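Any value given below was found using the heavy atoms of this structure, including those in side chains, with hydrogens, waters and symmetry copies removed. The model shown is predicted, which means the values in this text are computed figures rather than measured ones.
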2 protein chains.
Amino acid sequence: MTRPAVRIVLADDERMVRTALRAILSAEPGLAVVGEATTGAEAVSVVRELRPDVVLMDVRMPEIDGMRATEQIVATLEPPPRIVVVTTFENDSYVYDALRAGAAGFLLKRSDADTLVQAVRLVAQTDSLLFPAAVRALADQYARRSAPSAPWVSKLTGRERDVLRHMAGGLTNAEIARRLEVGPATVKSHVAAVLAKTGARDRTQAVIAAYEAGFLSAG
Amino acid sequence: MTRPAVRIVLADDERMVRTALRAILSAEPGLAVVGEATTGAEAVSVVRELRPDVVLMDVRMPEIDGMRATEQIVATLEPPPRIVVVTTFENDSYVYDALRAGAAGFLLKRSDADTLVQAVRLVAQTDSLLFPAAVRALADQYARRSAPSAPWVSKLTGRERDVLRHMAGGLTNAEIARRLEVGPATVKSHVAAVLAKTGARDRTQAVIAAYEAGFLSAG
DNA sequence: ATCCCGCTCCGCCGCACGGGGGAGACACCG
DNA sequence: CGGTGTCTCCCCCGTGCGGCGGAGCGGGAT
């Protein structure tokens, strides 16, 4: 069963990186580098034209960064190519962003040649393998968690945030007052302000709003 | 750079599956099947003894299923082997469970030989490749959302779940009564029951408990 | 020097809420 | 047949809560 070669596009603004990747990948049977791009914008157009199976996408590039380019490609091409996001540092948030953007994989530049080749091969035929749709769903959940953060959050004063946090901890006004070492009346004032700003009718709705907005993890 | 062979343990209760996997993997240079197990419990002990690099773990097995076996192995061995969970059907929740249990990968039985081999190779040296620690973090978040589902959840009656859902929607008792088309007194009774079973002091704490337990998405 | 804003606190009022206790109807199960 | 569990509803009572209006103090901006 001789499969047709895996067609690859490299997107990286550094010539040396592209050269190195091309050297490694071209030496492999069944892998073919069919195009290169040096900016995110170029990556989008090149991929749209060449319709490769796999794209190795650097995160930091001029004009449009790799994340946005990935987003655009995944959103506009049907079926989208498998995009492997390549970066220098193991920054967790990059990985999340890559997954959210629709990347099929994530690779560090310090990876050795074997790992690179295997990753490309794997990703190229990734219909039923390592982490398919589920990981995307996971990333989407994460996105919902930390993304919008509701408009009212920024309008709360420091003290009001404190109070809301304690409200979300299930404390009564009196308990919050003790924790914050202020009078109960003060807490009442802050609670009233929180209710007004969150549009909540009572403390329960305010707590719900806090959870929905991801207020608790965000701080 | 001749690496030492990747040492593999197969855990599957069906002989044919083990034979097939062994045939495929043993034929590959650099891969060596060093042990087999036919139950989850056996898998744990075999892995503990042989300390393989990779474990191919079936989900459905006697005594202890693959998920629990994976959990136990990951939790007790340092460093844990790379565990690839193998299953027949592409059930999303399985993937989540596998990730949560600490699996490094997820593979379908209908995968072809190439995919299998590549997946094993990849996973074996997966320090810096596709989805490292970040995916675990993602799975942990997911776990917090819907995993344990707190003991009290199962103790709620159907009507109490209804009421709690509406409480978590920010409704007052009177509003809930209208929505459920029952009397306000009835709602009060259910609310009281919910508070007792959740250990909450007031409706706010109950709603918090509901959120923390992932009750809203689950029920 | 003035103004605005955040933090602190006060009193009064009405109400939804939660605690306690009880009760009738129905269904399921041993 | 009685026991058990669920859903339905009732009363009384105390209170935490939220709405309303007001006030003093300090800091930062203009």
Side-chain angles (χ1 to χ4, degrees), chain A residues 149-216 218-219, chain B residues 149-216 218-219:
Chain A
S149 226
W152 55 260
V153 174
S154 55
K155 298 192 168 183
L156 293 180
T157 69
R159 214 48 169 166
E160 285 158 4
R161 289 167 201 266
D162 291 340
V163 170
L164 177 53
R165 252 186 291 278
H166 286 94
M167 287 166 70
L171 303 188
T172 66
N173 289 342
E175 288 167 341
I176 297 173
R178 281 194 287 276
R179 297 268 182 115
L180 297 181
E181 293 181 316
V182 295
T186 304
V187 175
K188 282 192 70 174
S189 296
H190 292 314
V191 169
V194 168
L195 295 183
K197 290 181 181 177
T198 56
R201 183 174 47 189
D202 50 46
R203 70 200 296 104
T204 302
Q205 286 190 353
V207 169
I208 292 168
Y211 268 91
E212 299 288 347
F215 172 81
L216 300 159
Chain B
S149 233
W152 53 261
V153 173
S154 54
K155 299 194 167 184
L156 293 180
T157 69
R159 215 46 169 168
E160 286 158 4
R161 288 167 201 266
D162 292 340
V163 171
L164 177 53
R165 252 186 292 279
H166 286 94
M167 288 166 69
L171 303 187
T172 66
N173 288 342
E175 288 167 340
I176 296 172
R178 280 193 287 275
R179 297 270 181 112
L180 296 181
E181 294 182 316
V182 295
T186 304
V187 174
K188 282 193 67 174
S189 296
H190 291 315
V191 168
V194 168
L195 295 183
K197 290 181 181 177
T198 56
R201 183 175 48 190
D202 50 47
R203 72 198 297 102
T204 302
Q205 286 191 353
V207 170
I208 292 169
Y211 268 91
E212 299 289 345
F215 172 81
L216 299 159

Completion exercise
Regarding the side chain of Thr157(B), the nearest nucleotide among dT8(C), dG6(C), dC7(D) is dC7(D)
Handout entry: From Ile176(B) atom CD1 to His190(B) atom NE2, the distance as rounded to the nearest 0.5 Å
Key = 10.5 Å
Handout entry: N/O donor-acceptor pair under 3.5 Å between Asp162(A) side chain and Arg165(A) backbone
Key = no
Problem - Phosphate contact (dG6(C) OP1 or OP2) by His190(A) side-chain N/O below 4.0 Å - result: no
Practice task
Would you check if the side chain of Glu160(B) reaches a backbone N or O of Leu156(B) as a donor-acceptor pair within less than 3.5 Å?
Solution key: no
Handout entry: Axis deviation across the helix from dA1(C)-dT30(D) to dG30(C)-dC1(D), five-pair ends, to the nearest 10°
Key = 50°
Handout entry: Nearest-0.5 Å distance, OG1 of residue Thr172(B) to CZ of residue Arg178(B)
Key = 6.5 Å
Problem - Arg161(A) side chain vs Val153(A) backbone, donor-acceptor pair below 3.5 Å - result: yes
Practice task
Starting at atom CG of Leu180(B), determine the distance to atom P of dC9(D), rounded to an integer number of angstrom.
Solution key: 11 Å
Exercise for the section: To the nearest Å, give me how far apart NZ (Lys197(B)) and P (dG5(D)) are. Expected result: 10 Å
Completion exercise
For nucleotides 11-25 of chain C, 5' to 3', base contacts (B), sugar-phosphate-only contacts (S) and non-contacts (-) with protein non-hydrogen atoms under 4.0 Å give -B----SBB------
Exercise for the section: Ignoring hydrogens and angles, tell me if any N or O in the side chain of Lys155(A) forms a donor-acceptor pair with the backbone of Lys197(A) under 3.5 Å. Expected result: no
Handout entry: Atom pair CG (Leu164(A)) and CZ (Arg159(A)), whose distance is rounded to the nearest 0.5 Å
Key = 13.5 Å
Practice task
Provide, to the nearest angstrom, the distance between the CG atom belonging to Leu156(B) and the P atom belonging to dG5(D).
Solution key: 16 Å
Exercise for the section: Report the nucleotide, chosen from dT8(C), dC9(D), dT8(D), that has the shortest atom-to-atom distance to any side-chain atom of Ala185(B). Expected result: dC9(D)
Exercise for the section: With rounding to the nearest 0.5 Å, note down the distance linking CD in Glu181(B) to OG1 in Thr186(B). Expected result: 12.5 Å
Practice task
For Gln205(B) and dG16(D), give me the distance from atom CD to atom P, rounded to whole Å.
Solution key: 14 Å
